[in-house]
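Reviewing the structure listed below.
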Amino acid sequence: MAPRTLRDPSSSHTIGFSSSTLFDPTSSPQQPPSSPPAATSTTSATPNSLDLHCLPPIFVIPAHLDSDAQDEVEEELAASHAPLTYSVHEARLFVGLVRSKKRAALELRTRGLWTEEVVREDKSVQEEVKEKVSRGREGGSEPPRKRVKVDGGVAKEDVETASETEVETASEASETESESAPSDHVPAESTIEPSKGNAEAQYAVDGSSVQLQPHPKSPAEDPPGALQFQDHLRVISLDWLRDSLKAGRVMSVGKYVVYECRAIEKPTAPQRQQTLIPRQQIQKVIPARKAQIAAQHPQSQRQQQPSSSQQILDRARADAGEGPRVNQRYHPRRTGLALDVKKPRSQLLQQTTTPEDASPTNADSGPLPPPPDWVAQHVKYACERSTPADTPNAAFVEQLKRIRLARELRDDDIGVRAYSTSIAAVAAYPHEIRAAREVLRLPGCSEKIATLWREFSGSEDGTVAEAREVDDDETLRTLRLFYNIWGVGAKAARHFSLDKGWKDLDDAVEFGWGQLSRVQQIGVKFYDEFAERIPRSETEHIVQVVREHARRVCPVDPDGIEILIVGGYRRGAETSGDVDVIVSHRKLDATMNLVEDIVAALEQSGYITHTLTLSLQGTSRGQATLPFRSSNGAGLGFDTLDKALVVWQDPEWPGKASAAETNAKNPNIHRRVDIIVSPWRTVGCAALGWSGGTTFQRDVRRYAQAVKGWKFDSSGIRDRRTGKVVDLEGPDGVGRGEGIVDAEKKVFEGLGLVYREPWERCTG
DNA sequence: TAGACAGCGCATGGTC
DNA sequence: GACCATGCGC
DNA sequence: GTCTA
């Protein structure tokens, strides 16, 4: 082993590398090498015997090296008199824990160095090694390792019960990882060619400028290899340094080359096709699994529903393509709208209150369609208007949503909220927008949104630059990858991507498994499965199973169990990201502890494989302010809106019977299911609170606060001033003959709102 | 021009 | 262990 | 980013 081993190799997150690399790659706070390593250091070294002064400028790629490990590498290099550099543009040689061409290129690119691969004609040995190194990482026909690893974990998970709360251990991941690890590493020492003993064998320094040249003394040693092309850059494995130190002499770099390239200019305009890249990235992670899923779930295909977000995006993009062409007719001549928006706004508002609004008010723009009442009256809460899913401005909404996503990824809460408001307004607008003035009339839409609309309407393809960033910007693409893990929000995504330098899920598994929370580990394991959309028929089936189990655990009055599917399904979506279902019962005591019982029963039958969170005392906080009235013999009469967020898998599959012998595992896809149990008394609030969309719900709360002075949440309503419960559904909920939806209608009514059908709540 | 922007429970990690 | 702040999902 | 006190 190396002269000095760094960290405790048994550290829980030395996954995959601990036995094969010198430098511990565990955590990697990415500190760009802003300052050179100390010339001397207490930990550094025994001066080693290597002489690397003739090497070209070397850059140490910090990825996956924590600052200590990075320092150590640099110290070793410095001790060997290697010409370390901290400028990627100056460097000719790059060393690091990088094992694929693609990744190597990415590492350089993210530091501002764009490259293209150089394929050498004589690549017998080198290519072989490179290919070996990168095998399994690169796309190719081989399934990506990540999926293999993750599946390995899944296999183990399959026997877990939902009640297990134990954190899935890093050691488990480690085991799993080790199965595939060996193929990732450069050849063992035995395969290494005898060293030429001196760096000069491969490199020479050309006078003052450090340029690469084939060394005259050894033209044949690293054949075409070495340096016929002086502009070549090489990314080599850190193992080269390890092996050289180990051998006490400089090993030929040839076999350690991961990526050979030359610098190119930064591409100016990102190609439009890059829109597809995120999906490709995902596919890269899951192709095999995806195909498997498709095969197992023919119903998804049968319904011809978009089975992926990309398809939806594609569809939206197609829509977007049409938008501008239409709109352009109305914008042959535009004025500097942004400049005159402020003043005209109030004028417009006044005008919109009169029927004459439909007449031309501006010689420059022509007539606008008569605004809907909510626009004319500047109604600002989404719950006060109808927002159907199909908007004539879908393409523009799509662009706004992308910008919002970018704000989410940038951890800009306020921006997210602002765009959500605008999106909800645009989505509710019943006409195709033809003039920026129309945008300005909408609540929550002002100069910025109007400007975006102008860009949108004037563009060839119905896109705006800010929205394209989500797909084009590499940082955002990586952030999105992590952000899409269940349990990972903006903070964690940024932490993983920016602080730790992880670039893909492989990195999270290899380098950070032990740093993931329990639910994040689950989120990674089922990353691709959770991304799959759930068709309505499957939602219905799942809910049917929930219903049966609820009845089973409610022996006193099983027929009293009432169910409402909420979430996207209730809003009419063809597919959903998860299944949300409200379970209730007219008898208060029947809903007490019902979630736990249902979950336990579903675990028992094998439907629930994991419990992400279990909320058992929704409104215990409310007890203090809750009058002890409706005690009904049910003890304290709490409002309990209990919920379970679980991972679901149908335990039945064809061939299960013989599975024991064949060791086959359940091929059914894992789904996210939310089971909400509400007491009857507040089931209307629950229905309203869980039927979304997000902005609709948020605006119900804002409305309740601003207009009524109430605090609304899905487990009830309270008066902000007195703290007293506001009972809109009656002391015991709606009566005989009325159901959950009737209760919901009473809540609307009590709030002073016109009832909105669920499909009118598609606020985006 | 400054402050608000939904509001909850759970998980996690830090402090005392 | 109690308490608090933060992150997260809904 | 928008609205409002």
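Letters go in sequence order (proteins before strands), and every chain restarts at 1.
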Is [X] near enough to [N] that one of its side-chain N or O atoms lies under 4.0 angstrom from OP1 or OP2?
X	N	answer
A:Trp486	C:dC10	yes
A:Lys380	D:dT4	yes
A:Lys711	B:dC8	yes

I'd like to know if [X] and [Y] make a salt bridge, using a cut-off of under 4.0 Å between side-chain N and carboxylate O.
X	Y	answer
A:Glu744	A:Arg761	yes
A:Asp713	A:Lys711	no
A:Arg480	A:Asp471	yes
A:Glu538	A:Arg533	no

What contact category does [X] fall into here, base, sugar-phosphate, or nothing, at under 4.0 angstrom with non-hydrogen atoms?
X	value
A:Gly487	sugar-phosphate
A:Asp674	sugar-phosphate
A:Arg494	nothing
A:Val519	nothing
A:Leu614	sugar-phosphate

Give the rounded distance in Å between these two atoms: [atom1] of [X] and [atom2] of [N].
X	N	atom1	atom2	result
A:Gln515	B:dA11	CD	P	21 Å
A:Arg441	D:dC3	CZ	P	15 Å
A:Arg407	B:dC5	CZ	P	20 Å
A:Leu641	C:dC10	CG	P	15 Å
A:Arg518	B:dT12	CZ	C1'	12 Å
A:Leu616	B:dA11	CG	C1'	14 Å
A:Asp713	B:dG9	CG	P	7 Å
A:Lys491	C:dA5	NZ	C1'	12 Å

Nucleotide nearest [X] when distance is taken to its side chain, options [options]:
X	options	result
A:Ser517	B:dC8, D:dC3, B:dT12	B:dT12
A:Trp690	B:dC5, C:dC10, B:dT12	C:dC10
A:Leu645	D:dC3, C:dG9, C:dC8	C:dG9
A:Lys448	B:dT12, B:dC5, D:dT2	D:dT2
A:Ser446	C:dG9, D:dG1, D:dT2	D:dT2

Mind checking salt bridge (Lys or Arg N to Asp or Glu O under 4.0 Å) for A:Asp699 and listing every partner two or more places apart, or none if nothing turns up? A:Arg702
Does any N or O in the side chain of A:Asp719 come within less than 3.5 Å of the main-chain N or O of A:Thr722, such that one atom is a donor and the other an acceptor? yes
Counting only non-hydrogen atoms, which of residues 696-710 of chain A are less than 4.0 Å from DNA chain D? none
Using the P atom in both, what is the distance from D:dC3 to B:dA6, to the nearest Å? 15 Å
Would you say A:Phe396 and A:Ile449 make side-chain contact, with heavy atoms under 4.5 Å? yes
For A:Glu757, side chain to side chain contact (heavy atoms under 4.5 Å, CB included) partners two or more places apart: A:Tyr755, A:Trp759, A:Glu760
